[in-house]
Each structure stands twice: as C-alpha cells, then as structure tokens.
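Order of the sequence lines fixes the chain letters, A, B, ..., with proteins taken first and strands second; residue numbering starts at 1 for each chain.
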Amino acid sequence: DTAVSQTPKYLVTQMGNDKSIKCEQNLGHDTMYWYKQDSKKFLKIMFSYNNKELIINETVPNRFSPKSPDKAHLNLHINSLELGDSAVYFCASSHFYSYNEQFFGPGTRLTVL
Amino acid sequence: GIQVEQSPPDLILQEGANSTLRCNFSDSVNNLQWFHQNPWGQLINLFYIPSGTKQNGRLSATTVATERYSLLYISSSQTTDSGVYFCAVEGGGTSYGKLTFGQGTILTVHP
C-alpha cells in the first residue's frame, strides 16, 4: 500500500552517462514534484507537474528532463551526468499544487563517479 | 522568495527529555509542514499546519501565522526520535506551489 514509490533506491554511475529515476503515486493526486537533497541535507524543489503539465521549473540545468506520462507517474531523466549531480532525489505528490500537504517518496540516492 | 530559518541547528537530549524546535518564516504562508528525516533518509510527514495547533501522541505543533513562526514540541523523547527535523513552507508570489525548506534541526537522543 505504498503511497509514493521511487525506483531505483540507489543508483551508482559514471560521469557522462544518462540515467532515469521513476516515480509513481497511488494517492490519486493531481500534482507531483521532484526535490533534490544535497550533501548538506538541504532540500530544494526542481520541478512540479499538475495534471501532466509542467508548472514549476526551478532553474535546473536542461540536462534534467522530467516527463509525466500520466497523473500517477513522474519520471526524471538526467543526461551527461556530472559529479555535482550526486544527491538524493525525492519525488512527492499532493492533491493540488497549492495549499495542500505534500507526501514524499523514499528517495533515490544517486552517486556519480 | 520566502526565507525559512530553523533553530537550534543541533540538539542533544537524554531520553525522556522534552524539547521545542522553532521555525521562522519571512512572509505569509499557504502551507507549512513539519517532517522528520529518519537515519535511513526517509521523510516522514509529522504535521500539516499552516495555522493553529495540532497534537499527535508525544508530538505537537503550533503555527502563529500572523507572527510568522511555528513550533514543534517533542515530549518524553525516545532514541527513535533522532534524525533531522525540517520545517517547510509554501508562500505566495514566486514561492507559490512549492515547498521551501529550512536547513533542519539535527536531533540526537541518547539512551
């Protein structure tokens, strides 16, 4: 009965590679998000989608491309990975894109070597 | 955008002690949430509390929106309360529709 799930949980890859992280929510929410947590534990939003439409793009390099095939899924594809991309990436969802509680997935720890 | 400041940055307690964590924010908020990030990295929702007071077991929270702060109270702390506590807010304007996180309070509870 997992609410927000992400795969994979861990991802170790070489610089220059392309990788994807998948997120799914079974809460029936309309809005999904990607957040990045850096090595100092600071959490910052990257993107949000409402009903498959991009509504927030927080000055993230265009090597990062989110894709929402439907309301329940939001994937994150990263091209040409760099060392600085190493972080924990969290997916989240909420009923609507404002005034609503957000629920987070378990996170994906990405390590770029 | 909205600024969020949490205090104290670190807190060390003996099991059974009580504590208060504070979150100050720079503007009016549409949403305020408290999270606990456990040692395994999971972000656990504690409270959704843009205003008012809520209680859940040993934890309670109060947000005074007009004075732009929120407090998280932990009573009779247990070792499983250890981890990082985050306050996150959604403001208006450029902060609309996204959570801005504070830097967190690292809580360590010793047996």
How about residues 15-22 of chain A versus chain B: which residues have heavy atoms under 4.5 Å apart?
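Answer by number: none.
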Tell me, for [X] versus chain B, whether the close heavy atoms (under 4.5 Å) come from the side chain, the backbone, both or neither.
X: F96(A); result: neither
X: Y99(A); result: both
X: N50(A); result: neither
X: Y97(A); result: both

Please determine, among I55(A), V88(A), L43(A), the option with the most heavy-atom pairs under 4.5 Å with chain B.
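Ranked by contacts with chain B, first place is L43(A).
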Pairs of heavy atoms under 4.5 Å with chain B: top-ranked of E101(A), E58(A), R109(A)
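Heavy-atom pair counts peak at E101(A).
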Is [Y] reachable from [X] through a run of hydrophobic residues whose side-chain heavy atoms are each under 4.5 Å from the next?
X: L54(A); Y: W34(A); answer: yes
X: L83(A); Y: F64(A); answer: yes
X: L110(A); Y: V60(A); answer: yes
X: I45(A); Y: L74(A); answer: no
X: V109(B); Y: L11(B); answer: yes

Pairing donors with acceptors under 3.5 angstrom, does anything connect the side chains of Q102(A) and E90(B)?
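Looking only at side-chain atoms, E90(B) and Q102(A) do not form any donor-acceptor pair under 3.5 Å.
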Closest heavy-atom pair and its distance - [X], [Y]:
X: S98(A); Y: Y96(B); value: OG-CE1, 3.2 Å
X: I56(A); Y: G97(B); value: CD1-O, 3.4 Å
X: Y35(A); Y: F101(B); value: CE2-CE1, 3.8 Å

Who among V84(B), L43(B), L32(B) has the most heavy-atom pairs with chain A under 4.5 Å?
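Between V84(B), L43(B), L32(B), the count favours L43(B).
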Chain A contacts, top residue of N31(B), I44(B), L99(B) (heavy-atom pairs, under 4.5 Å)
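Of the options given, most contacts go to L99(B).
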If you measure from CD on Q103(B) to CZ on F42(A), what distance do you get to the nearest 0.5 Å?
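CZ of F42(A) is found 9.0 Å from CD of Q103(B).
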Verdict with supporting geometry, Q33(B) and F103(A), side-chain contact (heavy atoms from CB on, under 4.5 Å):
CA-CA 10 Å; Q33(B) 291 183 238; F103(A) 296 87; over 6 Å; no
Q42(B) and F90(A), any side-chain heavy atoms less than 4.5 Å apart
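Answer no - side chains too far apart.
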Flag yes if more than 12 heavy atoms outside E53(A) fall under 6.0 Å of its CD atom; otherwise flag no.
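Counting neighbours around CD of E53(A), 12 or fewer heavy atoms of other residues, nucleotides or ligands fall under 6.0 Å, so no.
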Quick check on Q55(B): does its CD atom have over 12 non-hydrogen neighbours (other residues, nucleotides or ligands) under 6.0 Å away?
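For Q55(B), atom CD is crowded (more than 12 foreign heavy atoms under 6.0 Å).
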